[in-house]
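Fair warning: this is a prediction, and the values are worked out from it, not measured in the lab. Per chain, numbering begins at 1; letters A, B, ... match sequence-line order.
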2 protein chains.
Amino acid sequence: MKIGELARRSGLSAHTIRYYERIGLLPYADRDRSRQRDYDASILTWIDFLGRLKTTGMPIREMLRYAALREEGAGTEAERRLLLERHREQVRARVAELEACLLVLDTKIAGYADIEKRIEDHDAHQRTRRNQQAGARQAGSR
Amino acid sequence: MKIGELARRSGLSAHTIRYYERIGLLPYADRDRSRQRDYDASILTWIDFLGRLKTTGMPIREMLRYAALREEGAGTEAERRLLLERHREQVRARVAELEACLLVLDTKIAGYADIEKRIEDHDAHQRTRRNQQAGARQAGSR
DNA sequence: CATTGACTTGGAGTGCGCTCGAACTCGTAG
DNA sequence: CTACGAGTTCGAGCGCACTCCAAGTCAATG
């Protein structure tokens, strides 16, 4: 698979794939006879996992640490696990934080809904009064 | 309250407070006779809410829109509410996304735990074999 | 009256994560 | 043979959200 296809299938741009290789997030890719990168489908699994780390806010610095341990291979499992466990805690904390903010947002939105309702009620009241006055005029004119 | 105290109480740096005022996130602060900013405690509520928006990933661009509507005052409630409702949806989506990633992390971590357990078992087995061999040698030497 | 420390402004610099452009090389189709 | 499309490298540029610096002002204190 060449870089264009990998780009389409991974959702990253070719630019980004080269950038990730440059900084070491993606392993140096094998080249074909004309020095073009030639990827194995298995890279997609790794890119997908990197995407999870990114989505959950892991900085590239730390992804690099993980990628380096992975390149080192067997014997680094305990450290990789520790890294992920720590990250998981941060993600959990982030979720809790977002949920707290959601409550604040709910309250704020409810506040605006109240204001809008009061304005509607006020307008309806105004209309009622005008109608009553119009009715009174009609009644008087009879 | 001067900028230093506000910085301490809000958790923002004085630099950031000035920056926020410059870009319009914070209203232009009244100055005392020596042109120093003099804040009312009520600004803390606003800064706190801005913090919530920031924490939930709202870009400054959009906070500025909200801040501008707020400055405009009455009559902009419906639009402010809409803005917050849309943002709330994005935050909810983000929480869902993070939770999906947490499941992936859990799986990955469990995978490493398995590998480590297998290694331990293997080591324990090795030790047992060595002990058995040692026992056999002892028995044979009798 | 000199020093200190907290403030002022305008503008430059930083770190992150890409993103893009220029100039070039290939392999294939017409 | 040439034109194309997709790839290559290297380095510059960008958007975001700060963060910091230099040079100056001011009020209070020793």
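Summarising the geometry, the separation between OH on B:Tyr19 and P on C:dT14 is reported as 17 Å, rounded to the nearest angstrom. What separates NE2 of B:His15 from C1' of C:dC7 is a distance of 12 Å, to the nearest Å. If you measure from atom CG of A:Leu64 to atom P of C:dG17, you get 9 Å, rounded to the nearest angstrom. Whole-Å rounding puts the B:Asp38 CG to C:dA6 P distance at 17 Å. Remark: P of D:dT19 and CD of B:Glu21 are 18 Å apart, rounded to the nearest angstrom. At whole-Å resolution of the value, CZ in B:Arg31 and P in C:dT8 are 7 Å apart. Following rounding to the nearest Å, B:Gln36 (CD) and D:dG24 (P) show an atom-to-atom distance of 18 Å. Taking atom CZ on B:Arg8 and atom P on C:dA6, their separation rounds to 11 Å, with Å as the unit.
Taking 4.0 angstrom as the limit, B:Arg37 places a side-chain polar atom (N or O) nearer than this to OP1 or OP2 of C:dT8. The side chain of A:Arg33 places no N or O atom within less than 4.0 Å of a non-bridging phosphate oxygen (OP1 or OP2) of D:dG7. Checking the phosphate oxygens (OP1, OP2) of D:dC18, a side-chain nitrogen or oxygen of B:Tyr20 falls inside 4.0 Å. Listed pair A:Lys54 / C:dC18 meets the phosphate criterion, a side-chain N or O lying under 4.0 Å from OP1 or OP2. Look at A:Arg18 and you'll find a side-chain N or O under 4.0 angstrom from OP1 or OP2 of D:dT8.
Side-chain proximity of A:Lys2 to the nucleotides C:dG17, D:dG7, D:dC26 is greatest for D:dG7. In the set D:dC21, D:dC16, D:dA17, D:dA17 carries the atom at the smallest distance from any side-chain atom of B:Ile60. Here the nucleotide nearest the side chain of B:Thr16, chosen from C:dT8, D:dC18, D:dG7, is D:dC18.
A donor-acceptor contact under 3.5 angstrom links the side chains of A:Thr16 and A:Ser13, judged on distance only. Side-chain atoms of A:Arg80 and A:Tyr66 include no donor-acceptor pair closer than 3.5 Å.
Remark: of the listed residues B:Met58, B:Glu79, B:Arg70, B:Glu79 is the sole one forming a side-chain contact (heavy atoms from CB on, under 4.5 Å) with B:Arg65.
Counting any heavy atom pair closer than 4.0 Å across all strands shown, B:Arg61 reaches sugar-phosphate atoms only and no base atom.
Look at A:Asp121 and A:Lys117 and you find a salt bridge, because one of the NZ, NE, NH1 or NH2 atoms lies within 4.0 Å of a carboxylate O, short of that distance.
Where B:Arg22 and A:Met63 meet DNA chain C, the nucleotide closest to each residue was compared, and B:Arg22 sits on the side nearer the 5' end.
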Could you pull out every donor-acceptor pair under 3.5 Å between side chains of residues 94-102 of chain A and any protein atom, sequence neighbours left out?
unit_1, atom_1, unit_2, atom_2, d
A:Arg94, NH1, A:Glu97, OE1, 2.7
A:Arg94, NH1, B:Thr55, O, 3.3
A:Arg94, NH2, B:Thr55, O, 2.6

